[in-house]
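Notes follow the structure.
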Amino acid sequence: MKHVRGLVVGGGAIGASVAYHLAKAGWSDVVLLERDELTSGSTWHAAGLLPLFNMSYATSHIHDYSVKFYKTLEEETGLNAGFSVVGNLRMAQSQARMDEYQLYATTAESVGIPYEWLSADEIKQRWPLVRTEDLIGALYHPTDGYINPADVTMAMAKGARQRGVEIIRKRQVDSYEWTGDAWIVRGRIMVEKGGNLVASDETFEISAEHVVTATGNHAQRTAQLLGLKIPAIPVEHQFIVTEPDPALVEYRKTHGEHPVLRDADAKWYVREERGGWILGPYEKNAPARFEYGVPDSFRADLFPLDLERIEEEYMSFIHRIPSSEEVGLKDDFNGPICYTPDGNPLVGPAPGLTNMWLAEGFSFGITAAGGTGHYLAQMMAEGEAEIDMASLDPKRFGPWMTTEYAARKNEECYDHVYILHHPDEERPACRPLRTAPCYDRMKAAGAQFGCVNGWERPNYFAPDGFSDHDSRSFRRGGWWEYAKAEAEAIREGVGLIDASAFTKHRISGPGATAFLDWFTTNKLPKVGRINLTYALTETGTTRSEYTIVRLAEDDYYLVSAGAWAAYDEDFLYKAIMEKEPEFGRINEQDVTTQWGVFAVAGPKSRELLNALVCDAEPGTVLSNKRFPWLSMRNIELKMCPVMALRVAYTGELGWELHHPMEMQNYLLDRLMEVGEPLGLKLVGARAQNWLRQEKSYRAFGTELGRDATPLEAGLDRFVDLSKEFHGKAAMETIGVRFRCVTVLVDGPEDADPWGREALYVGDEKVGRLTSGGYSVAFGKSIGMGYVRPDLAVEGTNLKVRMQDRLWDAVVTEDSPYDPKNATIRIDG
Ligand SMILES: Cc1cc2nc3c(=O)[nH]c(=O)nc-3n(C[C@H](O)[C@H](O)[C@H](O)COP(=O)(O)OP(=O)(O)OC[C@H]3O[C@@H](n4cnc5c(N)ncnc54)[C@H](O)[C@@H]3O)c2cc1C
């Protein structure tokens, strides 16, 4: 049987790029298998647009790489991929849309993507066929454009072959079997019969150290073969091609090609095509397809055009380019375009499987192919990519995810492509789904919920009749004043936060202590004590953050970020599988849904709990002597047994009350009763996010991720360099390339940073923010981010770009609010 190091399944744009980049990374034996012809999946009918615009930091890097890489392919392979660098014009009909572009521009700037602003008049002067009187302006990207999707795929395939990759067509993979050190991949040879593609009786087998699946619309079949749930399900997407437009033909006699035009408020893109136009709308009610797999009869096929569905967008296209009104339709395409519930593809290790990598669910796969191949090959060949790929990780959707959920969310995602992407956006489809028992009580109290890993979690509390949807903004949303009052309540009185969505694991058994000591950076706590600690990647960057509680000698309770339950579970599980033979038996259990969590915090939090706690000496049970900071005690709050952790993510005196989920409402009712005279306030995640920045508490997914080490994050005190731990040597080799800082910002009157803005000294870009918000303690905007190490000094003056202007920011000491932790440790 043939054995290779890397096997790629799927010969669309993504598979071709992954194979190319694995070979480029030095893997000499790579095979790509394709069941039909290269590009016969969604790739053949893509419109080929390469938009650099993307609100996500990782995806912006991916798209940026692709656009630069595609420009090099002809020189390398001799094949012209048909890259028309015509630029990309995003028009805005409203100030809110311009606000969106300005916020996006901060990401572009952080990544180094060039852009320009154009007024309506400037657009008219350059492109007179475009109606502009109802436009406010536009964002223009000069360096992107469109490409021929089949040609760029063929060029990558040729480049891959030149680097030694073997590409075999008409091979359909039907099964995957892991033997312990390799994957045995089996399948059938496909043959043409009367225009159809059918599986013959002839079979093949190949063994591979690593497998990447890039199976496009066939992701559901791939999921079944691997025994996984993969939320990649296509939705119909259509574009139409017009006959030549005489006005355009005339214009082109003396002018260059139009940029790709995007009227986001009208929900479409347009580009030139042989004297006519291509119109691609993102209309309402486009249905999901192939929820349970692609039928054998569907090959490189299309669905019938549904002109009625895109009528509104068609009319607005005629409005924007009036000369198109008399022009007839020449061609149409309605094909499957893969989506995921959050619109990002699924790129990275498959949950629970060794050396199995997914590259599925691409809705901008032509744009993303180059960068995906590049960064995925880095992950596979070097252990990690240079950017944090967590936002694309397949494990961001947990095992609670179903086909129905994925299909409906994917339809929503398609429908939302051109909505205003407010940073405080919450999407409504498929909710509520995962709710803690207190959901109804929280809702009755005015909770406006956010969705974290499917869980409903209060963002803030507002009075009856308040509309979260209508309050969203790129500046301070209507919710801002409620979050401010909640933050103040914690600083001055007492607040309660529903933190039940936290991820919780129990690790126990004879091998548990040695394992966790190796797995995490900090010293393990003593029994009854708590430590903050980090698990690292192969390359020494931060893979996960844990609050670790030692319940008994060999029994630990690990609490980590709520959004990352399956991501953390998979990492723990794989590490335990690897290390159990060395350390002895290790029991690992995800107990997330068994334990509810209420965080109570504020100067009056001890008084609150004292009113409920049952103990032989109730007056001292919560004192510093019996219950010091960073310790855990099992207490009883009336009839509810509580594992209480004396920690406070808000930086105020407080406890996390981990309680049996089924007793949650009992406990909440008691807390609310005794809290009333103390002014207990329900507090949401937005206020908590602001408060933790005043304490410089790094958050997982923003300051903490796979692109920085804990030392770069400034968490040296949680890294015990006197012991050996996973990733230590790599972490030390990296050194400190940049460092995490907290800044106070003298920003605009009506806005706070969102945590994606570029930081400057003079004209020089020196870093970026990863978090942002408002500080009630300092009465101004606050943020956290990364800068050059020499600038990570208290008092350094920086500038932060917001609303297309530079504003003063100053680096504070770490934990600018209560740096000595006096309020947290207060006795009573
Ligand atoms: C109308 C339309 C317009 C679009 N316009 C754009 C655009 O302008 N810009 C952009 O970036 N994107 C665009 N897209 C999206 C783009 O087409 C896709 O994101 C991209 O083609 C996905 O590439 P892929 O390699 O993941 O999948 P595919 O191209 O579908 O390739 C997957 C391949 O895997 C093979 N395969 C599956 N299962 C197996 C198996 N078991 N064994 C062997 N082989 C297997 C399939 O035969 C197929 O060739 C558009 C999509 C549509 C529908």
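In this text, all values refer to a predicted model and were calculated from it rather than measured experimentally. Count residues from 1 along the sequence. Start at 1 and go down the list; that is how both ligands and their atoms are numbered. Values below: every heavy atom of this structure, side chains too, minus hydrogens, waters and symmetry copies.
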Quick one: list whatever passes salt bridge (Lys or Arg N to Asp or Glu O under 4.0 Å) with Lys24, sequence neighbours left out.
-> none
Taking atom types as modelled, is there a side-chain donor on Tyr146 or Glu257 under 3.5 Å from an acceptor on the other?
-> yes
Below 4.0 angstrom, N of the basic side chain to O of the carboxylate: do Lys267 and Asp415 qualify?
-> yes
Side chains of residues 6-16: which donor-acceptor pairs under 3.5 Å do they make with residues two or more places apart or in other chains?
none

Salt bridge flag under 4.0 Å for residues Asp393 and Arg706 = yes
Could you list each N/O atom of ligand 1 together with any protein N/O atom closer than 3.5 Å, one pair per line with the distance?
unit_1: ligand 1; atom_1: 5 (N); unit_2: Ala47; atom_2: N; d: 2.9
unit_1: ligand 1; atom_1: 8 (O); unit_2: Gly48; atom_2: N; d: 3.0
unit_1: ligand 1; atom_1: 8 (O); unit_2: Leu49; atom_2: N; d: 2.8
unit_1: ligand 1; atom_1: 9 (N); unit_2: Leu49; atom_2: O; d: 2.9
unit_1: ligand 1; atom_1: 11 (O); unit_2: Phe364; atom_2: O; d: 3.4
unit_1: ligand 1; atom_1: 11 (O); unit_2: Ile366; atom_2: N; d: 3.1
unit_1: ligand 1; atom_1: 11 (O); unit_2: Thr367; atom_2: N; d: 2.9
unit_1: ligand 1; atom_1: 11 (O); unit_2: Thr367; atom_2: OG1; d: 2.7
unit_1: ligand 1; atom_1: 17 (O); unit_2: Ser42; atom_2: O; d: 3.2
unit_1: ligand 1; atom_1: 19 (O); unit_2: Phe362; atom_2: O; d: 2.7
unit_1: ligand 1; atom_1: 19 (O); unit_2: Gly365; atom_2: N; d: 2.8
unit_1: ligand 1; atom_1: 21 (O); unit_2: Thr43; atom_2: N; d: 3.2
unit_1: ligand 1; atom_1: 21 (O); unit_2: Thr43; atom_2: OG1; d: 3.0
unit_1: ligand 1; atom_1: 23 (O); unit_2: Thr43; atom_2: OG1; d: 3.4
unit_1: ligand 1; atom_1: 25 (O); unit_2: Ala13; atom_2: N; d: 3.3
unit_1: ligand 1; atom_1: 25 (O); unit_2: Ile14; atom_2: N; d: 3.1
unit_1: ligand 1; atom_1: 29 (O); unit_2: Ser42; atom_2: N; d: 3.3
unit_1: ligand 1; atom_1: 29 (O); unit_2: Thr43; atom_2: N; d: 3.0
unit_1: ligand 1; atom_1: 29 (O); unit_2: Thr43; atom_2: OG1; d: 2.5
unit_1: ligand 1; atom_1: 30 (O); unit_2: Ser42; atom_2: N; d: 2.9
unit_1: ligand 1; atom_1: 41 (N); unit_2: Val173; atom_2: O; d: 3.1
unit_1: ligand 1; atom_1: 42 (N); unit_2: Val173; atom_2: N; d: 3.0
unit_1: ligand 1; atom_1: 44 (N); unit_2: Arg35; atom_2: N; d: 3.1
unit_1: ligand 1; atom_1: 47 (O); unit_2: Glu34; atom_2: OE2; d: 2.7
unit_1: ligand 1; atom_1: 49 (O); unit_2: Glu34; atom_2: OE1; d: 2.7
unit_1: ligand 1; atom_1: 49 (O); unit_2: Glu34; atom_2: OE2; d: 3.2

Listed partners of Arg756 passing salt bridge (Lys or Arg N to Asp or Glu O under 4.0 Å), at least two apart = none
